[in-house]
2 protein chains.
Amino acid sequence: MKIDPRHLEILAAIVDGGGLTEGAEAIGRAQPSVSRTIAMLEARIGAPLFEKSRRPLVPTELCIALAGEGRRILAAGNTASAIVTTFRTGHRGMVRIGGTPVFMDGVISTLIAEFQQNRQIRIEQCYGYAQDLMDKLDAGTLDVAICPMNPAAVSSRFQFVPVLPGRNVIACGSHHPLLRKGSLRLADIAPYPWIAPPASSPLYDDMRHILRDIGVTDTRISFSGGTLASITAILANSEALTVLPYSVVFMARRQRIVSALSIRIGHPERMLGILTKDPESDNPTVRRFRRFIDTEFRNLSRFIQQHEQNILWRD
Amino acid sequence: MKIDPRHLEILAAIVDGGGLTEGAEAIGRAQPSVSRTIAMLEARIGAPLFEKSRRPLVPTELCIALAGEGRRILAAGNTASAIVTTFRTGHRGMVRIGGTPVFMDGVISTLIAEFQQNRQIRIEQCYGYAQDLMDKLDAGTLDVAICPMNPAAVSSRFQFVPVLPGRNVIACGSHHPLLRKGSLRLADIAPYPWIAPPASSPLYDDMRHILRDIGVTDTRISFSGGTLASITAILANSEALTVLPYSVVFMARRQRIVSALSIRIGHPERMLGILTKDPESDNPTVRRFRRFIDTEFRNLSRFIQQHEQNILWRD
DNA sequence: CAATTTTCATAACATCAAGTTATGTTACGT
DNA sequence: ACGTAACATAACTTGATGTTATGAAAATTG
């Protein structure tokens with residue numbers, strides 16, 4: 001005998017409320033409605049649920065047992081409602097994000113940890129470069145991409161919200177001898193080996209341009225192919241140099257492991273930004289994540305600007 | 001946002017079954033029905049529950065969370081069904097029974113314990129004599145009465161199922177000197193004191209008749225007003241005599257504390273039986289209890305008859 | 001004890017979710 | 001690319017649930 005779970009809910013409400021009227025109110029219905037529902041339930045079960053002709057309604061043993069189950073159903077329904085609410089307010093759910101490796105490791109991961117505070121949100125992260133990320137957004141396997149792009153060159157199928165200029169710096173270990181030098185010249189830099197980003201990454205191109213600009217010719221590559229963790233470790237324990245996004249070095253400044261050389265280098269025409277396919281159709285969690293990233297980056301941008309004013313950039 | 005618990009059940013069934021078709025079958029509906037239900041649910045919630053355009057249906061994070069609650073609801077519903085089933089088969093519920101004190105204590109209580117084996121049944125017992133019990137049956141505060149009555153004199157408003165002749169015996173402690181005597185005469189019995197049943201009980205009248213029949217004139221009452229437990233204790237620790245229903249002494253024979261004198265006494269025209277108001281309208285538990293009492297008493301009756309054949313009754 | 005109030009039951013009707021069968025679509029495997 | 005299996009849609013029927021209005025009965029109160 002299958003019983004409608006809503007009927008059990010009503011039963012629980014009546015037993016707990018102490019009467020038909022209270023139960024009806026508790027569950028948001030009119031009294032006659034629940035009265036008839038109970039009558040039908042009794043007919044189906046074939047046994048009375050309340051003692052007849054008693055005014056403060058007295059539940060049967062059977063009724064009390066069933067009301068117990070009804071209470072469970074009520075509880076499950078409430079938590080289900082809560083789940084939906086937390087989901088709709090973006091406090092629960094999943095966000096699939098992708099971005100360039102160094103940037104995800106060096107900046108985004110820190111923000112993610114903060115975003116997950118007080119929320120039950122799962123982040124599925126993947127790494128990739130611009131084209132890759134756009135393909136995934138198209139395929140619907142990614143909600144948000146965070147990557148450097150030329151805002152003018154973004155397809156109209158995507159929304160691109162720029163948040164930071166895509167500036168790079170020459171990074172080194174915080175113990176590096178060049179940091180103690182007053183002014184840097186080509187001859188000073190030339191002797192040191194370089195860590196190369198992956199050949200397919202934009203950073204790699206950036207580095208090539210920078211080296212050409214400052215006149216370094218035969219670059220000695222001492223390490224390549226590592227993610228940020230490896231790069232940081234190498235920088236910390238050698239005198240190698242590399243090119244990293246300023247924001248990454250900025251975020252890492254707290255650990256006092258890596259620093260940036262005070263040398264002005266040309267920076268690309270790209271902006272770091274949030275790339276999405278159809279911002280309106282995203283679920284609340286994704287929206288909230290985008291908003292969060294956006295505001296955090298604007299804060300970061302301000303910090304970086306303040307920081308830059310305290311540094312003398314030399315040629 | 002209130003969610004229909006049945007929808008959550010369906011969700012759970014789909015997630016567990018791995019597809020719409022399986023889920024629909026599990027819950028006993030046609031596939032299009034659940035398809036539309038899910039569509040409506042998604043519309044209400046405002047978020048997809050399954051990933052679109054994927055053929056082995058892939059549930060969303062949100063969906064999995066909600067399905068968890070649905071599973072609870074399903075479980076509660078199942079136990080509710082089980083409760084109803086056990087109730088309908090008489091394995092659960094409550095029976096309100098009443099009867100004459102000595103008889104309830106001496107016979108019925110033992111049977112109740114056996115009846116409750118493997119069942120979740122609450123017994124509400126009360127004591128009373130015939131008129132009292134009929135009033136309570138009339139008032140609907142009693143399901144079954146078990147008492148001695150003259151079958152011919154039972155009102156047609158009641159059903160009376162006789163189960164045992166209302167025979168009495170003279171009871172004594174099992175150490176009693178009279179038990180060692182060959183044949184008993186009035187002079188043998190006369191010296192001993194008597195325990196009197198409550199004045200309002202049928203047993204009291206029985207005792208008076210018996211004493212008159214066997215010629216005892218000035219009866220010495222040593223104890224009165226006690227229930228069976230007290231009477232038994234007095235019998236065990238004195239040489240007092242009393243009148244008890246044969247069935248009570250029979251049930252007590254195991255403890256070897258009380259015995260019956262082998263003296264034939266007149267017995268009343270009453271039958272012990274099961275008295276009910278409206279046997280058809282009773283719930284399954286009560287019916288089952290009546291059936292149980294009936295068959296147990298028939299067994300008891302056979303035992304008693306076999307037992308009697310092994311005893312020489314003297315005048 | 002009668003009057004009043006409270007509480008539950010019933011009636012009559014409207015509405016909407018949910019059931020059905022029949023029939024597309026569409027993703028996936030061969 | 002083609003067939004199959006699985007899901008979606010359509011059109012219609014049914015039945016539970018909602019409503020208001022009202023009746024009946026028990027409990028309370030003066």
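Lettering follows sequence order; numbering is per chain, from 1. Just so you know, these numbers use all the heavy atoms, side chains as well, and skip hydrogens, waters and symmetry mates. On a predicted model such as this, the values are computed, not experimentally measured, just so you know.
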Q: Charged N to carboxylate O under 4.0 angstrom, A:Asp143 versus A:Arg290?
A: no
Q: Would you indicate which nucleotide in D:dA8, C:dT7, C:dA9 comes nearest to any side-chain atom of A:Leu20?
A: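 Taking heavy atoms from C-beta onward, the closest nucleotide is C:dA9.
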Q: Suppose we screen for salt bridge (Lys or Arg N to Asp or Glu O under 4.0 Å). Which residues come up paired with B:Arg288, at least two apart in sequence or across chains?
A: none
Q: For the pair made of CD in B:Glu25 and P in D:dC7, what is the distance, rounded to whole Å?
A: 12 Å
Q: List every contact pair, protein side and nucleotides 11-13 of chain D side both N or O, where the distance is under 3.5 Å.
A:
none

Q: Which whole-number value in Å describes the distance from A:Ile38 CD1 to C:dT7 P?
A: 17 Å
Q: Hey, does the side chain of A:Ser33 come within less than 4.0 Å of D:dT17's phosphate (OP1/OP2), counting only N and O?
A: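 A:Ser33 to D:dT17 OP1/OP2: no side-chain N or O under 4.0 Å.
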Q: For the side chain of B:Arg29, starting at C-beta, report the closest nucleotide among C:dT20, D:dT17, C:dA9.
A: C:dT20
Q: Rounding to an integer number of Å, can you tell me how far A:Arg6 CZ sits from D:dG15 P?
A: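 The answer, rounded to whole Å, is 16 Å.
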Q: What is the distance, rounded to the nearest whole Å, between atom CD1 of B:Ile10 and atom C1' of D:dC7?
A: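 These atoms are roughly 15 Å apart.
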Q: Under 4.0 Å from any atom of DNA chain C, heavy atoms only: list the residues of residues 63-76 of chain B that qualify, in numerical order.
A: none
Q: Using whole Å, report how far CG of B:Asp4 lies from P of D:dT17.
A: 10 Å
Q: Using a cut-off of strictly less than 4.0 Å, decide whether A:Thr21 has a side-chain nitrogen or oxygen near OP1 or OP2 of C:dC8.
A: yes
Q: Which residue pairs satisfy the side chain to side chain donor-acceptor pair (under 3.5 Å) criterion with at least one member in residues 63-80 of chain A, sequence neighbours excluded?
A: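 Checked against side chain to side chain donor-acceptor pair (under 3.5 Å) - neighbours excluded - the pairs reaching residues 63-80 of chain A are A:Asp16-A:Arg71, A:Glu69-B:Thr79, A:Thr79-B:Glu69.
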Q: List the steps, then state whether side-chain contact (heavy atoms from CB on, under 4.5 Å) holds for A:Ile146 with A:Ile108.
A: CA-CA 9 Å; A:Ile146 301 171; A:Ile108 302 299; 3.6 Å; yes
Q: By nearest atom, which of the nucleotides D:dC7, C:dA17, D:dA10 is closest to the B:Gln31 side chain?
A: D:dC7
Q: B:Glu296: which residues meet the salt bridge (Lys or Arg N to Asp or Glu O under 4.0 Å) condition with it, sequence neighbours left out?
A: none
Q: Round to the nearest Å and state the distance from B:Glu42 atom CD to D:dC7 atom C1'.
A: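 Going from B:Glu42 (CD) to D:dC7 (C1'), I get 12 Å.
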Q: Considering just the side-chain nitrogens and oxygens of A:His7, establish if one lies under 4.0 Å of OP1 or OP2 belonging to D:dT17.
A: yes
Q: Does anything in residues 116-129 of chain A pair up under side chain to side chain donor-acceptor pair (under 3.5 Å), and if so which pairs, sequence neighbours excluded?
A: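 Checked against side chain to side chain donor-acceptor pair (under 3.5 Å) - neighbours excluded - the pairs reaching residues 116-129 of chain A are A:Arg92-A:Gln120, A:Asp105-A:Tyr127, A:Arg122-A:Glu124, A:Arg122-B:Glu61, A:Gln125-A:Tyr127.
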Q: Any side-chain heavy atom of B:Ile38 within less than 4.5 Å of one from B:Leu11?
A: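 Result yes, sub-4.5 Å side-chain heavy-atom pair found.
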